[in-house]
A.B. asks: 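Before anything else, here's the structure in question.
Below, each value reflects all heavy atoms present in this structure, side chains not excepted, and no hydrogens, waters or symmetry copies. Residue numbers start from 1 in every chain, and the chains themselves are labelled A, B, ... in the order their sequence lines are given, proteins ahead of strands.
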There are 2 protein chains.
Amino acid sequence: MTEQGATSDHIADRIAEAIFEHRINPGTKLGEDEVGEIYGVSRTVVRAAMQKLAHRRLIDLRRNRGAFVAQPSMREAREVFEARALLEPRTARSAAERATSADLEALQRHIDDEHQALAAGDPGRALHLSGVFHIEIARIADQSTIAEFVEQLIARSSLIIALYWQRRAALCESHAHDAILRTFAERDGDRAEELMKSHLLDLVSSLGLRDAPPAPRTLREALR
Amino acid sequence: MTEQGATSDHIADRIAEAIFEHRINPGTKLGEDEVGEIYGVSRTVVRAAMQKLAHRRLIDLRRNRGAFVAQPSMREAREVFEARALLEPRTARSAAERATSADLEALQRHIDDEHQALAAGDPGRALHLSGVFHIEIARIADQSTIAEFVEQLIARSSLIIALYWQRRAALCESHAHDAILRTFAERDGDRAEELMKSHLLDLVSSLGLRDAPPAPRTLREALR
DNA sequence: GTGGACAAGATCGTATACAATCCTGTGTGC
DNA sequence: GCACACAGGATTGTATACGATCTTGTCCAC
(Lines give C-alpha, C1' and ligand atoms only; values in the text may rest on other atoms or scores of the structure.)
Protein backbone atom coordinates (compact mmCIF):
# COMPACT_ATOMS: atom_id res chain seq x y z
CA MET A 1 0.00 0.00 0.00
CA THR A 2 2.55 2.53 -1.12
CA GLU A 3 0.71 5.58 -2.39
CA GLN A 4 3.05 8.02 -4.04
CA GLY A 5 3.34 11.74 -3.66
CA ALA A 6 1.34 12.11 -0.48
CA THR A 7 1.51 15.51 1.21
CA SER A 8 2.32 15.94 4.88
CA ASP A 9 -1.22 17.15 5.57
CA HIS A 10 -2.66 14.07 3.97
CA ILE A 11 -0.40 11.77 5.93
CA ALA A 12 -1.20 13.55 9.19
CA ASP A 13 -4.92 13.19 8.49
CA ARG A 14 -4.65 9.53 7.64
CA ILE A 15 -2.72 8.78 10.81
CA ALA A 16 -5.14 10.86 12.87
CA GLU A 17 -8.03 8.85 11.41
CA ALA A 18 -6.33 5.61 12.28
CA ILE A 19 -5.80 6.83 15.83
CA PHE A 20 -9.44 7.87 16.20
CA GLU A 21 -10.71 4.58 14.90
CA HIS A 22 -8.42 2.81 17.31
CA ARG A 23 -6.63 1.00 14.54
CA ILE A 24 -3.34 2.12 16.04
CA ASN A 25 -3.09 1.57 19.76
CA PRO A 26 -1.98 4.32 22.12
CA GLY A 27 1.71 3.99 22.85
CA THR A 28 2.51 2.53 19.46
CA LYS A 29 5.71 3.84 17.98
CA LEU A 30 5.51 5.48 14.59
CA GLY A 31 8.92 5.04 13.01
CA GLU A 32 9.86 7.62 10.40
CA ASP A 33 11.22 5.13 7.90
CA GLU A 34 8.24 2.87 8.40
CA VAL A 35 5.64 5.56 7.81
CA GLY A 36 7.64 7.01 4.95
CA GLU A 37 7.70 3.69 3.21
CA ILE A 38 3.96 3.22 3.63
CA TYR A 39 3.13 6.49 1.92
CA GLY A 40 6.01 6.50 -0.52
CA VAL A 41 7.69 9.66 0.74
CA SER A 42 10.93 10.49 2.45
CA ARG A 43 11.43 11.11 6.15
CA THR A 44 11.37 14.84 5.53
CA VAL A 45 7.68 14.76 4.73
CA VAL A 46 6.92 12.32 7.50
CA ARG A 47 8.59 14.58 10.04
CA ALA A 48 6.45 17.49 8.96
CA ALA A 49 3.34 15.35 9.43
CA MET A 50 4.57 14.26 12.85
CA GLN A 51 5.01 17.86 13.93
CA LYS A 52 1.43 18.60 12.99
CA LEU A 53 0.15 15.57 14.90
CA ALA A 54 2.30 16.45 17.91
CA HIS A 55 0.81 19.88 17.90
CA ARG A 56 -2.67 18.39 17.98
CA ARG A 57 -1.47 16.30 20.91
CA LEU A 58 -2.31 13.09 19.12
CA ILE A 59 1.26 11.85 19.33
CA ASP A 60 4.14 12.47 21.72
CA LEU A 61 7.43 13.47 20.16
CA ARG A 62 10.41 12.40 22.26
CA ARG A 63 13.81 13.64 21.22
CA ASN A 64 16.05 10.96 19.78
CA ARG A 65 13.35 8.44 20.59
CA GLY A 66 10.66 8.93 18.01
CA ALA A 67 6.93 9.50 17.79
CA PHE A 68 4.43 7.58 19.90
CA VAL A 69 0.66 7.61 19.80
CA ALA A 70 -0.45 9.68 22.78
CA GLN A 71 -1.84 8.06 25.90
CA PRO A 72 -3.83 10.82 27.55
CA SER A 73 -3.86 10.42 31.30
CA MET A 74 -7.16 10.54 33.09
CA ARG A 75 -6.23 13.97 34.31
CA GLU A 76 -5.56 15.14 30.80
CA ALA A 77 -8.89 13.66 29.75
CA ARG A 78 -10.71 15.62 32.42
CA GLU A 79 -8.93 18.79 31.39
CA VAL A 80 -9.95 18.38 27.79
CA PHE A 81 -13.58 18.11 28.76
CA GLU A 82 -13.24 21.06 31.14
CA ALA A 83 -12.03 23.13 28.23
CA ARG A 84 -14.90 21.91 26.07
CA ALA A 85 -17.31 22.84 28.84
CA LEU A 86 -15.98 26.38 28.75
CA LEU A 87 -16.11 26.79 24.99
CA GLU A 88 -18.92 24.75 23.54
CA PRO A 89 -22.07 25.75 25.44
CA ARG A 90 -21.66 29.44 24.69
CA THR A 91 -20.68 28.60 21.15
CA ALA A 92 -23.82 26.51 20.75
CA ARG A 93 -25.84 29.52 21.89
CA SER A 94 -24.32 31.73 19.22
CA ALA A 95 -24.80 29.04 16.63
CA ALA A 96 -28.45 28.59 17.55
CA GLU A 97 -29.03 32.30 17.12
CA ARG A 98 -27.23 32.50 13.79
CA ALA A 99 -28.04 29.21 12.05
CA THR A 100 -29.52 29.55 8.57
CA SER A 101 -31.92 27.01 7.13
CA ALA A 102 -29.05 25.64 5.06
CA ASP A 103 -27.11 25.09 8.28
CA LEU A 104 -30.04 23.26 9.82
CA GLU A 105 -30.34 20.98 6.81
CA ALA A 106 -26.63 20.20 6.89
CA LEU A 107 -26.81 19.35 10.58
CA GLN A 108 -29.86 17.15 9.99
CA ARG A 109 -28.05 15.26 7.25
CA HIS A 110 -25.18 14.87 9.63
CA ILE A 111 -27.34 13.32 12.31
CA ASP A 112 -28.91 11.00 9.76
CA ASP A 113 -25.44 9.84 8.79
CA GLU A 114 -24.62 9.20 12.42
CA HIS A 115 -27.69 7.03 12.92
CA GLN A 116 -27.01 5.22 9.70
CA ALA A 117 -23.44 4.47 10.70
CA LEU A 118 -24.64 3.14 14.02
CA ALA A 119 -27.27 0.99 12.34
CA ALA A 120 -24.67 -0.30 9.91
CA GLY A 121 -22.59 -1.45 12.84
CA ASP A 122 -19.75 0.96 12.28
CA PRO A 123 -19.29 2.62 15.68
CA GLY A 124 -15.91 4.03 14.66
CA ARG A 125 -17.48 6.08 11.91
CA ALA A 126 -20.38 7.04 14.15
CA LEU A 127 -17.95 8.33 16.74
CA HIS A 128 -16.10 10.31 14.12
CA LEU A 129 -19.30 11.86 12.76
CA SER A 130 -20.41 12.65 16.25
CA GLY A 131 -17.27 14.73 16.68
CA VAL A 132 -17.73 16.51 13.39
CA PHE A 133 -21.21 17.53 14.54
CA HIS A 134 -19.66 19.55 17.35
CA ILE A 135 -17.13 21.10 15.01
CA GLU A 136 -19.89 22.10 12.60
CA ILE A 137 -21.66 23.93 15.39
CA ALA A 138 -18.54 25.92 16.15
CA ARG A 139 -18.32 26.83 12.48
CA ILE A 140 -21.91 27.98 12.37
CA ALA A 141 -21.18 30.24 15.32
CA ASP A 142 -18.81 31.97 12.91
CA GLN A 143 -15.90 32.12 15.33
CA SER A 144 -13.05 30.48 13.52
CA THR A 145 -10.58 30.85 16.37
CA ILE A 146 -12.87 29.08 18.78
CA ALA A 147 -13.80 26.57 16.09
CA GLU A 148 -10.15 25.71 15.73
CA PHE A 149 -9.78 25.09 19.45
CA VAL A 150 -12.92 22.99 19.49
CA GLU A 151 -11.62 20.97 16.57
CA GLN A 152 -8.43 20.28 18.47
CA LEU A 153 -10.34 19.29 21.58
CA ILE A 154 -12.64 16.99 19.64
CA ALA A 155 -9.65 15.24 18.12
CA ARG A 156 -8.20 14.63 21.56
CA SER A 157 -11.62 13.56 22.79
CA SER A 158 -11.83 10.92 20.11
CA LEU A 159 -8.59 9.45 21.33
CA ILE A 160 -9.73 9.69 24.93
CA ILE A 161 -13.02 7.98 24.19
CA ALA A 162 -11.22 5.20 22.38
CA LEU A 163 -9.06 4.79 25.48
CA TYR A 164 -11.46 5.14 28.34
CA TRP A 165 -14.88 4.18 27.14
CA GLN A 166 -16.18 1.61 29.54
CA ARG A 167 -19.69 0.62 28.53
CA ARG A 168 -19.62 0.64 24.79
CA ALA A 169 -23.24 -0.34 24.90
CA ALA A 170 -26.26 1.88 24.51
CA LEU A 171 -26.36 5.59 25.25
CA CYS A 172 -23.79 6.02 22.48
CA GLU A 173 -25.38 9.05 21.05
CA SER A 174 -28.62 8.79 22.94
CA HIS A 175 -30.45 11.52 21.14
CA ALA A 176 -28.60 14.50 22.49
CA HIS A 177 -27.69 15.76 19.06
CA ASP A 178 -31.28 15.59 17.88
CA ALA A 179 -32.39 17.63 20.86
CA ILE A 180 -29.73 20.25 20.25
CA LEU A 181 -30.70 20.53 16.62
CA ARG A 182 -34.31 21.15 17.65
CA THR A 183 -33.28 24.12 19.76
CA PHE A 184 -31.44 25.47 16.74
CA ALA A 185 -34.58 25.23 14.66
CA GLU A 186 -36.40 27.18 17.35
CA ARG A 187 -33.59 29.73 17.65
CA ASP A 188 -33.56 29.02 21.38
CA GLY A 189 -30.05 30.05 22.35
CA ASP A 190 -30.64 29.65 26.08
CA ARG A 191 -31.75 26.08 25.74
CA ALA A 192 -29.03 25.25 23.21
CA GLU A 193 -26.42 26.38 25.71
CA GLU A 194 -28.05 24.34 28.46
CA LEU A 195 -28.38 21.19 26.38
CA MET A 196 -24.80 21.37 25.17
CA LYS A 197 -23.62 21.77 28.72
CA SER A 198 -25.49 18.71 29.93
CA HIS A 199 -24.51 16.75 26.83
CA LEU A 200 -20.87 17.28 27.70
CA LEU A 201 -21.47 16.34 31.32
CA ASP A 202 -23.17 13.15 30.15
CA LEU A 203 -20.21 12.36 27.97
CA VAL A 204 -17.78 12.78 30.84
CA SER A 205 -19.80 10.64 33.20
CA SER A 206 -20.27 7.93 30.57
CA LEU A 207 -16.51 7.83 30.37
CA GLY A 208 -16.28 7.20 34.07
CA LEU A 209 -13.63 9.85 34.49
CA ARG A 210 -15.17 11.00 37.73
CA ASP A 211 -14.70 7.68 39.48
CA ALA A 212 -11.63 6.04 40.88
CA PRO A 213 -8.90 5.39 38.33
CA PRO A 214 -9.85 2.38 36.17
CA ALA A 215 -6.62 2.57 34.22
CA PRO A 216 -3.92 4.94 35.46
CA ARG A 217 -1.52 2.75 33.55
CA THR A 218 1.91 3.38 34.83
CA LEU A 219 3.91 0.43 33.59
CA ARG A 220 4.71 -0.51 37.15
CA GLU A 221 1.15 -1.13 38.25
CA ALA A 222 -0.09 -2.24 34.87
CA LEU A 223 2.06 -5.35 35.04
CA ARG A 224 2.09 -6.35 38.64
CA MET B 1 25.29 37.69 15.10
CA THR B 2 25.63 34.06 14.15
CA GLU B 3 25.02 31.94 17.20
CA GLN B 4 25.79 28.33 16.56
CA GLY B 5 23.82 25.23 17.36
CA ALA B 6 20.49 26.85 18.10
CA THR B 7 17.53 24.51 18.43
CA SER B 8 14.28 25.03 16.53
CA ASP B 9 12.46 25.82 19.78
CA HIS B 10 14.98 28.50 20.61
CA ILE B 11 14.74 30.06 17.19
CA ALA B 12 10.94 30.03 17.29
CA ASP B 13 10.99 31.74 20.69
CA ARG B 14 13.45 34.39 19.57
CA ILE B 15 11.41 35.22 16.50
CA ALA B 16 8.20 35.27 18.54
CA GLU B 17 9.81 37.71 20.95
CA ALA B 18 10.86 39.95 18.10
CA ILE B 19 7.32 39.88 16.75
CA PHE B 20 5.81 40.77 20.13
CA GLU B 21 8.19 43.64 20.63
CA HIS B 22 7.34 44.89 17.19
CA ARG B 23 10.92 44.68 16.06
CA ILE B 24 9.76 42.79 12.99
CA ASN B 25 6.81 44.38 11.26
CA PRO B 26 3.74 42.38 10.31
CA GLY B 27 3.97 41.28 6.72
CA THR B 28 7.74 40.99 6.79
CA LYS B 29 9.06 38.00 4.94
CA LEU B 30 11.21 35.57 6.85
CA GLY B 31 13.41 33.87 4.29
CA GLU B 32 14.67 30.43 5.26
CA ASP B 33 18.24 31.02 4.17
CA GLU B 34 18.29 34.40 5.85
CA VAL B 35 17.08 33.13 9.21
CA GLY B 36 19.28 30.08 8.96
CA GLU B 37 22.33 32.24 8.45
CA ILE B 38 21.46 34.43 11.42
CA TYR B 39 21.29 31.51 13.81
CA GLY B 40 23.96 29.40 12.17
CA VAL B 41 21.74 26.45 11.30
CA SER B 42 20.50 24.87 8.11
CA ARG B 43 17.10 25.40 6.54
CA THR B 44 15.94 22.09 8.00
CA VAL B 45 15.97 23.55 11.51
CA VAL B 46 14.52 26.85 10.38
CA ARG B 47 11.60 25.09 8.73
CA ALA B 48 10.81 23.27 11.96
CA ALA B 49 10.80 26.59 13.81
CA MET B 50 8.56 28.10 11.14
CA GLN B 51 6.07 25.28 11.51
CA LYS B 52 5.85 25.95 15.22
CA LEU B 53 5.32 29.66 14.67
CA ALA B 54 2.73 29.01 11.98
CA HIS B 55 0.87 26.81 14.38
CA ARG B 56 0.80 29.62 16.93
CA ARG B 57 -0.55 31.81 14.13
CA LEU B 58 2.29 34.26 14.50
CA ILE B 59 3.36 33.77 10.90
CA ASP B 60 1.57 32.78 7.71
CA LEU B 61 3.10 29.96 5.70
CA ARG B 62 2.37 30.26 2.01
CA ARG B 63 3.34 27.38 -0.20
CA ASN B 64 6.24 28.11 -2.49
CA ARG B 65 6.19 31.68 -1.24
CA GLY B 66 7.67 31.59 2.21
CA ALA B 67 6.86 32.68 5.75
CA PHE B 68 5.43 36.10 6.55
CA VAL B 69 4.79 37.73 9.90
CA ALA B 70 1.03 37.49 10.44
CA GLN B 71 -1.22 40.49 9.99
CA PRO B 72 -4.31 39.62 11.99
CA SER B 73 -7.39 41.19 10.49
CA MET B 74 -9.67 43.15 12.75
CA ARG B 75 -12.10 40.29 12.60
CA GLU B 76 -9.41 37.86 13.69
CA ALA B 77 -8.51 40.25 16.49
CA ARG B 78 -12.09 40.32 17.73
CA GLU B 79 -12.26 36.54 17.58
CA VAL B 80 -9.13 36.17 19.67
CA PHE B 81 -10.60 38.34 22.38
CA GLU B 82 -13.94 36.52 22.16
CA ALA B 83 -12.09 33.30 22.87
CA ARG B 84 -10.25 34.89 25.76
CA ALA B 85 -13.57 36.11 27.14
CA LEU B 86 -14.81 32.54 27.15
CA LEU B 87 -11.76 31.03 28.80
CA GLU B 88 -10.15 33.53 31.12
CA PRO B 89 -12.89 34.73 33.48
CA ARG B 90 -13.83 31.22 34.57
CA THR B 91 -10.17 30.33 34.78
CA ALA B 92 -9.52 33.35 36.99
CA ARG B 93 -12.27 32.14 39.29
CA SER B 94 -10.65 28.74 39.70
CA ALA B 95 -7.27 30.34 40.19
CA ALA B 96 -8.61 32.66 42.88
CA GLU B 97 -10.02 29.70 44.74
CA ARG B 98 -6.84 27.65 44.49
CA ALA B 99 -4.01 30.17 44.76
CA THR B 100 -1.45 29.45 47.45
CA SER B 101 0.46 32.17 49.24
CA ALA B 102 3.46 31.34 47.08
CA ASP B 103 1.31 31.95 44.01
CA LEU B 104 0.20 35.30 45.38
CA GLU B 105 3.78 36.36 46.01
CA ALA B 106 4.82 35.36 42.51
CA LEU B 107 1.96 37.35 41.02
CA GLN B 108 2.84 40.36 43.18
CA ARG B 109 6.43 40.22 42.02
CA HIS B 110 5.13 40.03 38.50
CA ILE B 111 3.04 43.16 38.86
CA ASP B 112 5.99 44.98 40.41
CA ASP B 113 8.08 44.07 37.39
CA GLU B 114 5.37 45.41 35.12
CA HIS B 115 5.28 48.76 36.90
CA GLN B 116 9.03 48.92 36.90
CA ALA B 117 9.24 48.25 33.18
CA LEU B 118 6.70 50.99 32.54
CA ALA B 119 8.59 53.42 34.76
CA ALA B 120 11.82 52.53 32.99
CA GLY B 121 10.20 53.49 29.70
CA ASP B 122 10.19 50.01 28.23
CA PRO B 123 6.57 49.53 27.10
CA GLY B 124 7.52 46.51 25.04
CA ARG B 125 8.68 44.62 28.09
CA ALA B 126 5.70 45.84 30.08
CA LEU B 127 3.35 44.52 27.43
CA HIS B 128 5.12 41.18 27.45
CA LEU B 129 4.95 40.90 31.23
CA SER B 130 1.32 41.88 31.17
CA GLY B 131 0.66 38.89 28.96
CA VAL B 132 2.62 36.53 31.16
CA PHE B 133 0.46 37.62 34.09
CA HIS B 134 -2.59 36.16 32.35
CA ILE B 135 -0.73 32.98 31.54
CA GLU B 136 0.36 32.60 35.16
CA ILE B 137 -3.25 32.78 36.26
CA ALA B 138 -4.18 29.95 33.92
CA ARG B 139 -1.33 27.92 35.38
CA ILE B 140 -2.51 28.54 38.92
CA ALA B 141 -5.93 27.30 37.93
CA ASP B 142 -4.14 24.00 37.31
CA GLN B 143 -5.71 23.37 33.93
CA SER B 144 -2.82 22.85 31.60
CA THR B 145 -4.96 22.35 28.52
CA ILE B 146 -6.73 25.64 29.04
CA ALA B 147 -3.45 27.28 30.02
CA GLU B 148 -2.01 26.24 26.71
CA PHE B 149 -4.88 27.79 24.79
CA VAL B 150 -4.60 30.96 26.84
CA GLU B 151 -0.91 31.10 26.12
CA GLN B 152 -1.60 30.85 22.42
CA LEU B 153 -4.25 33.56 22.61
CA ILE B 154 -1.97 35.86 24.57
CA ALA B 155 0.73 35.47 21.97
CA ARG B 156 -1.67 36.44 19.24
CA SER B 157 -2.96 39.28 21.42
CA SER B 158 0.52 40.70 21.72
CA LEU B 159 0.78 40.85 17.98
CA ILE B 160 -2.69 42.35 17.71
CA ILE B 161 -1.94 45.02 20.28
CA ALA B 162 1.25 45.90 18.49
CA LEU B 163 -0.82 46.31 15.33
CA TYR B 164 -3.95 48.04 16.48
CA TRP B 165 -3.16 49.97 19.58
CA GLN B 166 -4.36 53.49 18.97
CA ARG B 167 -3.77 55.58 22.06
CA ARG B 168 -0.53 54.29 23.42
CA ALA B 169 -0.95 56.81 26.19
CA ALA B 170 -2.29 56.19 29.65
CA LEU B 171 -4.57 53.36 30.71
CA CYS B 172 -1.81 51.02 29.61
CA GLU B 173 -2.19 48.73 32.54
CA SER B 174 -4.42 50.98 34.56
CA HIS B 175 -4.47 48.94 37.71
CA ALA B 176 -6.59 46.07 36.58
CA HIS B 177 -3.99 43.49 37.46
CA ASP B 178 -3.61 44.86 40.98
CA ALA B 179 -7.36 44.64 41.49
CA ILE B 180 -7.47 41.07 40.26
CA LEU B 181 -4.64 40.08 42.55
CA ARG B 182 -6.54 41.53 45.51
CA THR B 183 -9.51 39.28 44.80
CA PHE B 184 -7.10 36.35 44.76
CA ALA B 185 -5.83 37.27 48.19
CA GLU B 186 -9.42 37.35 49.39
CA ARG B 187 -10.26 34.07 47.67
CA ASP B 188 -13.17 35.85 46.03
CA GLY B 189 -13.77 33.73 42.95
CA ASP B 190 -16.95 35.55 41.94
CA ARG B 191 -15.28 38.92 41.89
CA ALA B 192 -12.15 37.55 40.19
CA GLU B 193 -14.30 36.25 37.36
CA GLU B 194 -16.10 39.58 37.09
CA LEU B 195 -12.95 41.66 37.12
CA MET B 196 -11.24 39.51 34.52
CA LYS B 197 -14.27 39.81 32.29
CA SER B 198 -14.32 43.58 32.47
CA HIS B 199 -10.55 43.77 32.14
CA LEU B 200 -10.80 41.97 28.82
CA LEU B 201 -13.64 44.20 27.68
CA ASP B 202 -11.54 47.24 28.56
CA LEU B 203 -8.68 45.84 26.56
CA VAL B 204 -10.87 45.34 23.50
CA SER B 205 -12.36 48.80 23.69
CA SER B 206 -8.96 50.41 24.20
CA LEU B 207 -7.97 48.73 20.95
CA GLY B 208 -10.86 50.36 19.16
CA LEU B 209 -11.88 47.09 17.60
CA ARG B 210 -15.52 47.92 18.09
CA ASP B 211 -15.41 51.00 15.91
CA ALA B 212 -15.23 51.41 12.19
CA PRO B 213 -12.16 49.94 10.54
CA PRO B 214 -9.13 52.14 11.26
CA ALA B 215 -6.83 49.92 9.22
CA PRO B 216 -8.36 47.12 7.16
CA ARG B 217 -5.24 47.37 5.07
CA THR B 218 -5.89 45.86 1.75
CA LEU B 219 -3.06 47.07 -0.38
CA ARG B 220 -5.53 48.83 -2.64
CA GLU B 221 -6.90 51.21 -0.06
CA ALA B 222 -3.70 51.45 1.91
CA LEU B 223 -1.98 53.16 -0.99
CA ARG B 224 -4.60 55.24 -2.68
C1' DG C 1 3.58 52.87 -25.72
C1' DT C 2 1.26 48.87 -24.09
C1' DG C 3 0.58 44.05 -23.53
C1' DG C 4 1.97 39.45 -23.31
C1' DA C 5 5.46 35.80 -23.60
C1' DC C 6 9.62 34.13 -22.11
C1' DA C 7 13.82 33.51 -19.46
C1' DA C 8 16.78 34.16 -15.53
C1' DG C 9 17.12 34.40 -10.70
C1' DA C 10 15.55 33.41 -6.30
C1' DT C 11 13.12 30.63 -3.04
C1' DC C 12 10.75 26.80 -1.46
C1' DG C 13 9.83 21.39 -1.47
C1' DT C 14 11.81 16.93 -1.23
C1' DA C 15 15.24 13.38 -1.16
C1' DT C 16 19.40 11.68 0.36
C1' DA C 17 23.79 11.38 3.02
C1' DC C 18 26.19 11.72 7.12
C1' DA C 19 26.61 12.56 12.21
C1' DA C 20 24.81 12.01 16.83
C1' DT C 21 22.17 9.55 20.05
C1' DC C 22 19.94 5.77 22.04
C1' DC C 23 18.67 0.89 22.74
C1' DT C 24 20.17 -3.79 23.43
C1' DG C 25 22.72 -7.78 23.56
C1' DT C 26 27.04 -9.80 24.74
C1' DG C 27 31.06 -10.48 27.29
C1' DT C 28 34.09 -10.05 31.16
C1' DG C 29 35.33 -9.51 35.99
C1' DC C 30 34.09 -10.15 40.54
C1' DG D 1 25.25 -15.83 39.12
C1' DC D 2 25.14 -10.86 38.98
C1' DA D 3 26.57 -6.27 37.70
C1' DC D 4 28.81 -3.31 34.87
C1' DA D 5 31.06 -1.91 30.58
C1' DC D 6 31.27 -1.85 25.88
C1' DA D 7 30.15 -2.55 21.14
C1' DG D 8 26.93 -3.24 17.36
C1' DG D 9 22.72 -2.01 15.27
C1' DA D 10 18.95 0.84 14.68
C1' DT D 11 16.77 5.33 14.72
C1' DT D 12 16.56 10.10 14.92
C1' DG D 13 18.87 14.99 14.05
C1' DT D 14 21.01 17.91 10.75
C1' DA D 15 23.16 19.42 6.56
C1' DT D 16 23.39 19.54 1.79
C1' DA D 17 22.02 18.74 -3.08
C1' DC D 18 18.77 18.76 -6.55
C1' DG D 19 14.19 19.59 -8.61
C1' DA D 20 9.84 22.39 -8.74
C1' DT D 21 7.55 26.67 -8.47
C1' DC D 22 7.11 31.45 -8.25
C1' DT D 23 8.73 36.21 -9.09
C1' DT D 24 10.46 39.60 -11.96
C1' DG D 25 12.84 41.82 -15.46
C1' DT D 26 13.43 42.04 -20.46
C1' DC D 27 12.23 41.79 -25.13
C1' DC D 28 9.38 41.67 -29.00
C1' DA D 29 5.05 42.15 -31.47
C1' DC D 30 1.26 44.88 -32.19
A.B. asks: Among all residues two or more places apart in sequence or in another chain, which pass the salt bridge (charged side-chain N to carboxylate O under 4.0 Å, His left out) test with B:Arg75?
C.D. replies: A:Asp142, B:Glu79
A.B. asks: Identify the 5'-most and 3'-most nucleotides of DNA chain C with at least one atom closer than 4.0 Å to a non-hydrogen atom of chain B.
C.D. replies: C:dT11 to C:dT14
A.B. asks: Salt bridge between B:Arg156 and B:Glu76, side-chain N to carboxylate O under 4.0 Å?
C.D. replies: yes
A.B. asks: Estimate the overall bend of the helix from C:dG1-D:dC30 to C:dC30-D:dG1 from the end axes over five pairs each, rounded to 10 degrees.
C.D. replies: 0°
A.B. asks: Considering only heavy atoms of chain A and a distance under 4.0 Å, specify the first and last nucleotide of DNA chain D in 5' to 3' order that meet this criterion.
C.D. replies: D:dT11 to D:dT14
A.B. asks: For A:Phe20, which residues count as a ring-ring contact (aromatic ring centres under 6.0 Å, His included) partner, sequence neighbours excluded?
C.D. replies: none
A.B. asks: Please check if any side-chain donor atom of B:His134 sits under 3.5 Å from a side-chain acceptor atom of B:Glu88, or the reverse.
C.D. replies: yes
A.B. asks: The criterion is salt bridge (charged side-chain N to carboxylate O under 4.0 Å, His left out); which residues satisfy it with A:Arg90, sequence neighbours excluded?
C.D. replies: none
A.B. asks: To the nearest 0.5 Å, what is the distance between CG on B:Leu127 and CG on B:Leu118?
C.D. replies: 9.5 Å
A.B. asks: Quick one: side-chain contact (heavy atoms from CB on, under 4.5 Å) partners of A:Ser101, sequence neighbours excluded?
C.D. replies: none
A.B. asks: What residues form a side-chain contact (heavy atoms from CB on, under 4.5 Å) with A:Ala138, not counting sequence neighbours?
C.D. replies: A:Thr91, A:Ala147, A:Val150
A.B. asks: Write out all pairs satisfying salt bridge (Lys or Arg N to Asp or Glu O under 4.0 Å) with one or both partners inside residues 41-56 of chain A, taking only residues at least two apart or from two chains.
C.D. replies: A:Asp9-A:Lys52, A:Asp13-A:Arg56, A:Glu32-A:Arg43, A:Glu32-A:Arg47
A.B. asks: Suppose we screen for salt bridge (charged side-chain N to carboxylate O under 4.0 Å, His left out). Which residues come up paired with B:Arg125, at least two apart in sequence or across chains?
C.D. replies: none
A.B. asks: Residues two or more places apart in sequence or in another chain: which of them pass salt bridge (charged side-chain N to carboxylate O under 4.0 Å, His left out) with B:Asp122?
C.D. replies: none
A.B. asks: Mind running a 4.0 Å heavy-atom check of residues 57-67 of chain B against DNA chain D and sending the residues that fall below it, in number order?
C.D. replies: B:Asn64, B:Arg65
A.B. asks: Determine whether the side chains of B:His177 and B:Glu114 contain a donor N or O and an acceptor N or O closer than 3.5 Å.
C.D. replies: yes
